[in-house]
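Quick notes on the structure that follows.
As the structure is a computational prediction, the values presented were derived from the model and not from experiment. Hydrogens, waters and symmetry mates play no part in the numbers below; they use all other heavy atoms, side chains included.
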Amino acid sequence: MKSQVQLDELEKIGGKIEEKKIEEKKLPELINVEGEVVLRFAPNPSGPLHIGHARAAILNHEYMKKYDGKLILRIEDTDPRRVDTGAYDMIEEDLKWLGVDWQDKIIQSDRIPIYYEYAEKLIKMGFAYMCTCKGAEFKKLKDLSNPCPCRDLETAENLRRWNDMENMPEGEAVLRVKTDLNHKNPAIRDWVAMRIVEYEHPRIGSQFKIYPMMNFSVAIDDHLLGITHVLRGKDHLANSEKQRYIYKHFGWDVPVFIHYGRLKMEDIQLSTSKARLGIKEGVYNGWDDPRLGTIRAIARRGITRAAIYNLMIEIGLKIADSTISWKKIYGLNRKVLEEAANRYFFVWDPSKVIIGNLPERSLGIIKRSMHPDFQDRGYRKIPFDGKVYLVDEDVKLHKYLRLMDAVNVYFKDKEAFFHSLSLEEARDVNAQIVHWVPAEDNLKAEVVMPDASVLKGLAEPSCADLKVDDVVQLERFGFARVDEVSEGKIRFYFAHK
RNA sequence: GCUCCGGUAGUGUAGUCCGGCCAAUCAUGUCGGCCUUUCGAGCCGAUGACUCGGGUUCGAAUCCCGGCCGGAGCACCA
């Protein structure tokens, strides 16, 4: 018997634990918050979103909610060669699946004239010049901190070249932003703002031939859209510095740049371009192949958005790189699924067993709860007539088996016989407790595993009532998402144990 | 090579700015126990980290210098 003092102490501890659970995982405050916080998620439409995009999307979305601010979806399609027309819709679908919503959407290819306008302003202000030097020659000069011959061109000549740019072939000229030729980092020196692209844009066609470089369009748009905080990967560190020159030249306020580290994912290092190639060559079944790190692949596997959200919030915006293990994701996902997932029997590697000596009283309809912790969800009915399929390994490895909620059997000369009925008796002989499926009344089932291999077996009859996207726990097997249900057949995608 | 940035348990993360309350947080994983008609969940317990070497200081995960390791950028991609 515990003393009152001990009980009080326990309650205190319990209370503390509760509190900690509630206050779990918060994002740090943003700096320089004055007025409305405006953020953007700005993917390049080269394919569907992957787990790396999810980080940017979720963090931006979380801050939008935290500060009751605004999130803008900006599609950055200023390189006609890197545009996949299917990606525009896929990006929005993926964001919707993630539960990320946005207030405004803009597509940069709709804004080309705006970039022209600001390019011209920059030329007139003397902060940009038209450079016709060969790339290699410019680099040589740049690396020595020397100006190229075009740098000191008169404004009038720059404007003449700028207006003539449309008549030049690709590679003939670029518009450069003046920065600092003595900048320590050669990459920052006089970077390219506009270039000629002779390639039909998949979305807007051939109406333009001059396209902005990302550093230019991004800086112009971030300012025009009133972006206050820019969250981006640390691979953009140098770009942020390049973009600062645009703000400086125009006299604009610079947003807060926040750079986070690289996200590495165990077993998945596939870039969008490699994935696309793999799909084209038939190595992968599509963008949602379970081996890929795309949002849709992860979703198809029964990973919940809540798990992805929690993961991204936990990782946060650290600039140091992070490696995510599947175990981490599974652990987070299991928390969500454990409560949500109803239980069903799936027998893989099925072995038919006919049980001898069955007493009449052991036959009938077996009822088993949908979820042991939530009896109010009701139960499934599984008819038991002595003829069942069991997992082959269970049959081979054990002398005594208890078929859950039905009977205890024993094997003699590879034949199965009735032993007893109660759980207690099963315990007395150390019977292995196993799941089973009726030999007659069942569904053909297959489970697509994370490596895309397919495990075939049989599922209990009530699986016929399942709907696509239901996530269930296949007892003694693991969590799986229902991918397709048809007459007498069901297909699952395996999530994890 | 040049420029910049990092390095806390297996993994993720807190703490680092403003040294002491840090013999370092929380989560996940792993192992063990209890419970249980699932290999799940829950509960209890265990496990395990400040990259290394100097320096400053009464005192360093925290500040300084150097090494090591890792990453990013160095495009007419984003």
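- The aromatic rings of A/Tyr400 and A/Tyr410 lie tilted to each other, with the angle between the two planes from 30° to 60°.
- Atom pair A/Asp405:CG and B/U36:C1' shows a separation of 13 Å (rounding to whole Å applied).
- Rounding to whole angstrom units, CG of residue A/Asp190 and P of B/C76 are separated by 12 Å.
- An OP1 or OP2 oxygen of B/C77 is reached within less than 4.0 angstrom by no side-chain nitrogen or oxygen of A/Arg81.
- Residues A/Met168 and A/Ile196 are in side-chain contact: their nearest non-hydrogen atoms beyond the backbone lie under 4.5 Å apart.
- Residue A/Ser46 has no polar side-chain atom (N or O) positioned under 4.0 Å from OP1 or OP2 of B/C77.
- Within the 4.0 Å cut-off from OP1 or OP2 of B/C39, not a single side-chain nitrogen or oxygen of A/Arg343 is found.
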Using a cut-off of 4.0 Å between protein heavy atoms and nucleotide atoms, how would you tag nucleotides 9-19 of chain B 5' to 3' with B, S and -? --SBSS-----
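- A/Val192 comes within 4.0 angstrom of sugar-phosphate atoms only, judged by non-hydrogen atoms across all strands, and of no base.
- Heavy atoms of A/Met213 sit under 4.0 angstrom from primed sugar atoms or phosphate atoms, though from no base atom.
- The OH atom of A/Tyr260 sits 20 Å away from the P atom of B/C5 (whole-angstrom rounding).
- Separating the OH atom of A/Tyr88 from the C1' atom of B/A78 is a distance of 13 Å, rounded to the nearest angstrom.
- A cation-pi arrangement is present between A/Arg203 and A/Tyr88, with the terminal nitrogen or guanidinium carbon under 6.0 Å from the aromatic centre and inside a 45° cone about the axis.
- Looking at heavy-atom distances under 4.0 Å, A/His236 makes contact with a base.
- At a threshold of 4.0 Å, the pair A/Glu76-A/Arg40 does not count as salt-bridged, since none of the basic side-chain nitrogens sits closer than that to a carboxylate oxygen.
- Counting non-hydrogen atoms of other residues, nucleotides and ligands closer than 6.0 Å to CD of A/Glu393 gives a total of 12 or fewer.
- Set against B/A27, B/U37, B/A72, the side chain of A/Lys335 has B/A27 as its closest nucleotide.
- The CD-P distance, from A/Glu475 to B/A41, rounds to 14 Å in whole Å.
- In this structure, A/Pro43 reaches neither bases nor backbone, as no heavy-atom distance under 4.0 Å exists between it and the strands shown.
- In this model, the phosphate group of B/U37 is approached by a side-chain N or O of A/Arg427 to a distance below 4.0 Å at OP1 or OP2.
- Between the P atom of B/C39 and the CH2 atom of A/Trp348 lies a distance of 11 Å, rounded to the nearest Å.
- For A/Arg195, a side-chain nitrogen or oxygen approaches OP1 or OP2 of B/A78 to under 4.0 Å.
- Cation-pi geometry between A/Arg244 and A/Tyr247 is not met at under 6.0 angstrom from the ring centre and within 45 degrees of the axis.
- By the 6.0 Å contact criterion, CD on A/Gln207 is enclosed, its count of non-hydrogen atoms from other residues, nucleotides or ligands being greater than 12.
- Computed from coordinates, the A/Asn185 CG to B/C74 C1' distance equals 6 Å when rounded to whole Å.
- Ring geometry, A/His371 versus A/Phe374: the interplanar angle exceeds 60°, so the pair is classed perpendicular (tilted spans 30 to 60°).
- The base of B/C5 has none of its N or O atoms less than 3.5 Å from a complementary donor or acceptor on the side chain of A/Lys234.
- Residue whose closest nucleotide on RNA chain B sits further toward the 5' end, between A/Arg82 and A/Lys497: A/Lys497.
- Annotation: A/Lys399, atom NZ; neighbour count of heavy atoms from other residues, nucleotides and ligands within 6.0 Å does not exceed 12.
- In this structure, A/Arg176 is not positioned above the aromatic face of A/Trp162 in the sense of NZ or CZ being under 6.0 Å from the six-membered ring centre and within 45° of the axis.
- Within 4.0 Å of A/Asp143, counting heavy atoms only, lies no atom of the nucleic acid at all.
- Ion pairing between A/Arg262 and A/Asp235 fails under the 4.0 Å rule for side-chain N and carboxylate O.
- The phosphate of B/C4 has OP1 or OP2 within less than 4.0 Å of a side-chain N or O from A/Lys184.
- Residue A/Glu338 is in base contact, counting any heavy-atom pair closer than 4.0 Å across all strands shown.
- Mapping A/Ile329 and A/Asp373 onto RNA chain B by nearest heavy atom places A/Ile329 closer to the 5' end of the strand.
- Listed pair A/Arg262 / B/A72 meets the phosphate criterion, a side-chain N or O lying under 4.0 Å from OP1 or OP2.
- A/Asp79 comes within contact range of the sugar-phosphate backbone alone, with a heavy-atom separation under 4.0 Å but no base atom that close.
- Nearest to the side-chain atoms of A/Ile433 among the listed nucleotides B/G73, B/U37, B/A78 stands B/U37.
- For RNA chain B, if you chain together Watson-Crick or G-U pairs that step i with j, i+1 with j-1 and so on, the runs of at least three with distances under 3.5 Å are B:1-7 with B:68-74, B:10-12 with B:26-28, B:29-34 with B:42-47, B:51-55 with B:63-67.
- In this structure, the nucleotide among B/A78, B/U37, B/C2 sitting nearest to the side chain of A/Pro186 is B/C2.
- Here the separation of B/C52 from B/U11, taken at their C1' atoms, is 23 Å to the nearest Å.
- Atom P of B/G12 sits at a distance of 12 Å from the matching atom of B/G7, rounded to the whole Å.
- Distance A/Lys242 NZ to B/A78 P: 10 Å, rounded to the nearest Å.
- Note: A/Trp348 and A/His435 meet the aromatic proximity criterion, with ring centroids under 6.0 Å apart.
- Between B/U38, B/G6, B/U37, one nucleotide has an atom nearer to the side chain of A/Arg476 than all others, and that is B/U38.
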